[in-house]
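Heads up: the structure comes next, in structure tokens.
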Amino acid sequence: MAQPTRYVLSQDIDTNHVVSNPMNLVLLLKRELPRVRSRSFPGKTPTLAAGFGSSRKIYLGINIQLPGLPLHHSIHAEQFLLANLALNNERQLTHLAITSDGIYFDAPSGYCRQFLHETREASSIQILIKDATRGEAGRFETLQNLFPRTIRPTIFFQPLLLEPHDNKLTLSTYHDLVGNICEELERCNHLNCTALAAANRSYTPFTKSSSGVALLDNVGRVYRGWYMETVECGLSLGLVQAALVDFVARGGTEFNTIVQAVLVEKKDALVSQEKTTRMILKKITNGNCVINVFHCHLDVAEQFRRNIINIEATQGGFGKHIY
């Protein structure tokens, strides 16, 4: 369920007017830059990304360096933007602009271009290019022109990063700390329910290691995030980073105000998130966060359905197996 956020702009903005002229998008980002610069998160010069969803809402993303951790744990502005779209159930990105100073607008890095290619109709995303120091008026280039040769593992691959997912997972045990699972997970703020709902939305087509996390701050607000893979698996977005996007987008300021976390993942997952989750949260909260980990498994009915599909595919000698 989408939550109120300062990183989604939809009121008093004519999005058709903004995208009709690159300069309108330039002015929009210049207006938002001061607010991004005022954030208390450490790191290099803030980078702001603005993207238009197919709903015509405008989404923002910023780069975040996690204090005390190596840079590969950082969140790129483009990653923040895509996680923001996913958290708000937006299925498609149509336009994108990235800047650090309001003067120079360039293409996303190769790292993030691959991430963008995991979304619906990615090749047609319009990206603002502008260098005011050269007197450029600004223009839109498609992602296809900027990144003509993307990585695709098989002919069956579908870019479904922003599509709705239900991984049909359920908790394996009902420990006292877990309690009962609510029927409408997406509408529940219990940490265990929120983490399980996040795991069910996890996008892991390559490792099948669905996982989700829920965070609680010291005033009772709950945030969530899920693991999002890319074809180039090393570029995937971790579930803690996705949850921190939710935290920042909804007004969180200091990471050490996060006091509790619940991680839900498969016990026999090819990729486990537990050690990384504990390491990141211990570091950024100064050890103030209590972390509980619970395992999940595929719902029995869903497992039976997949077994039948795999048997039929094997007997037929073709087709796509589901695991």
Side-chain angles (χ1 to χ4, degrees), residues 1-3 5 7 59 61 64 66 73 75-76 78-91 93 115 118-120 159-172 181-182 184-216 221-231 233 235-250 252 258 260-267 269-278 280-281 291-299 302:
M1 180 174 63
Q3 301 287 335
T5 170
Y7 283 74
Y59 297 84
I64 297 176
L66 303 185
H73 291 292
I75 306 169
H76 294 216
E78 299 94 326
Q79 289 180 309
F80 187 116
L81 175 66
L82 285 179
N84 195 10
L85 266 71
L87 288 162
N88 286 279
N89 303 313
E90 186 73 59
R91 297 189 184 182
L93 179 67
F115 209 74
E118 306 289 331
T119 67
R120 179 190 296 185
L160 303 175
L161 178 64
L162 295 178
E163 304 302 317
H165 300 287
D166 182 0
N167 294 319
K168 305 291 185 182
L169 300 171
T170 186
L171 290 182
S172 299
I181 296 299
C182 301
E184 297 189 39
L185 296 181
E186 290 289 342
R187 298 180 179 274
C188 177
N189 271 338
H190 297 138
L191 284 187
N192 52 304
C193 295
T194 302
L196 178 59
N200 274 318
R201 295 187 65 177
S202 185
Y203 175 68
T204 58
F206 310 108
T207 68
K208 312 299 181 185
S209 301
S210 302
S211 54
V213 70
L215 308 177
L216 177 72
R221 288 189 293 254
V222 176
Y223 312 92
R224 80 278 194 232
W226 51 89
Y227 181 39
M228 305 179 196
E229 290 183 341
T230 70
V231 173
C233 296
L235 310 183
S236 302
L237 182 66
L239 72 172
V240 174
Q241 283 85 343
L244 293 178
V245 168
D246 197 23
F247 176 82
V248 173
R250 291 170 50 207
I258 299 170
Q260 192 173 350
V262 168
L263 165 66
V264 171
E265 67 175 357
K266 295 178 180 178
K267 185 175 183 178
L270 182 64
V271 174
S272 174
Q273 302 286 346
E274 181 175 353
K275 289 183 178 179
T276 303
T277 296
R278 291 187 183 279
I280 292 175
L281 290 176
I291 304 167
N292 292 304
V293 178
F294 301 104
H295 295 129
C296 61
H297 64 271
L298 199 60
D299 177 83
E302 177 64 13

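- Between Phe115 and Leu237, the shortest heavy-atom distance links the atoms CZ-CB, 3.8 Å.
- The two residues Ser202 and Tyr227 make their nearest non-hydrogen contact at OG-O, 2.8 Å.
- Contact of the Thr276 side chain with the Val240 side chain is not registered, since no non-hydrogen atoms from C-beta on lie closer than 4.5 Å.
- Heavy-atom minimum distance, Glu229 versus Leu161: O-CD1, 4.5 Å.
- Atoms CE and OG, on Met228 and Ser236 in that order, are 10.5 Å from each other to the nearest 0.5 Å.
- Judged by distance alone, the side chain of Arg201 and the main-chain N or O of Ala86 form a donor-acceptor pair under 3.5 Å.
- Note that the CG atom of Leu160 and the CZ atom of Arg91 stand 11.0 Å from one another [nearest 0.5 Å].
- Two residues are said to be in side-chain contact when any heavy atoms from C-beta on lie closer than 4.5 Å; Glu118 and Tyr203 meet this criterion.
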Report task. Could you go through the side-chain contact (heavy atoms from CB on, under 4.5 Å) check for Arg278 and Val293 one step at a time? Result -> CA-CA 10 Å; Arg278 291 187 183 279; Val293 178; 3.6 Å; yes
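- Proximity of Glu274 to Leu263: side-chain heavy atoms (C-beta onward) are separated by under 4.5 Å at one or more points.
- Taking all atoms of both residues into account, the shortest heavy-atom contact from Leu191 to Val222 is CD2-CG1, 3.9 Å.
- In this structure, the side chains of His165 and Thr204 stay at 4.5 Å or more apart for every pair of heavy atoms.
- Looking only at side-chain heavy atoms (C-beta outward), Gln79 and Val245 stay at 4.5 Å or farther from each other.
- Ser172 and His297 get closest at one heavy-atom pair: OG-ND1, 3.0 Å.
- Counting heavy atoms from C-beta outward, Leu244 and Ile258 have side chains that approach closer than 4.5 Å.
- Taking the side chain as every heavy atom from C-beta outward, Trp226 and Leu87 approach each other to under 4.5 Å.
- Shown here are the side-chain hydrogen bond (donor to acceptor under 3.5 Å, both in side chains) partners of Glu90, two or more places apart in sequence or in another chain: Ser54, Ser55, Tyr59.
- Under the side-chain hydrogen bond (donor to acceptor under 3.5 Å, both in side chains) criterion, Ser209 pairs with Thr207, not counting sequence neighbours.
- Between the CG atom in Asn84 and the CG atom in Leu93 there is a gap of 11.0 Å [rounded to 0.5 Å].
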Report task. Just do the side-chain contact (heavy atoms from CB on, under 4.5 Å) check on Leu169 and Leu298 with the steps written out, would you? Result -> CA-CA 5 Å; Leu169 300 171; Leu298 199 60; 4.3 Å; yes
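- Summarising the geometry of Lys266 relative to Lys208, their closest heavy-atom pair is NZ-O, 3.0 Å, with the distance given to 0.1 Å.
- Taking CG of Leu82 as the reference point, atom OG1 of Thr230 lies at 11.0 Å (rounded to 0.5 Å).
- With values rounded to the nearest 0.5 angstrom, Asn200 atom CG is found 8.5 Å from Thr170 atom OG1.
- When side chains are defined from C-beta on, Asn292 counts as touching Gln260, because their heavy atoms get closer than 4.5 Å.
- Between the OG1 atom in Thr194 and the CG atom in Leu216 there is a gap of 9.5 Å [rounded to 0.5 Å].
- Not one N or O on the side chain of Asp246 forms a donor-acceptor pair closer than 3.5 Å with the backbone of Gly225.
- Listed by chain and number, the residues in a side-chain hydrogen bond (donor to acceptor under 3.5 Å, both in side chains) with Tyr223 are Asp217, Arg221 (sequence neighbours excluded).
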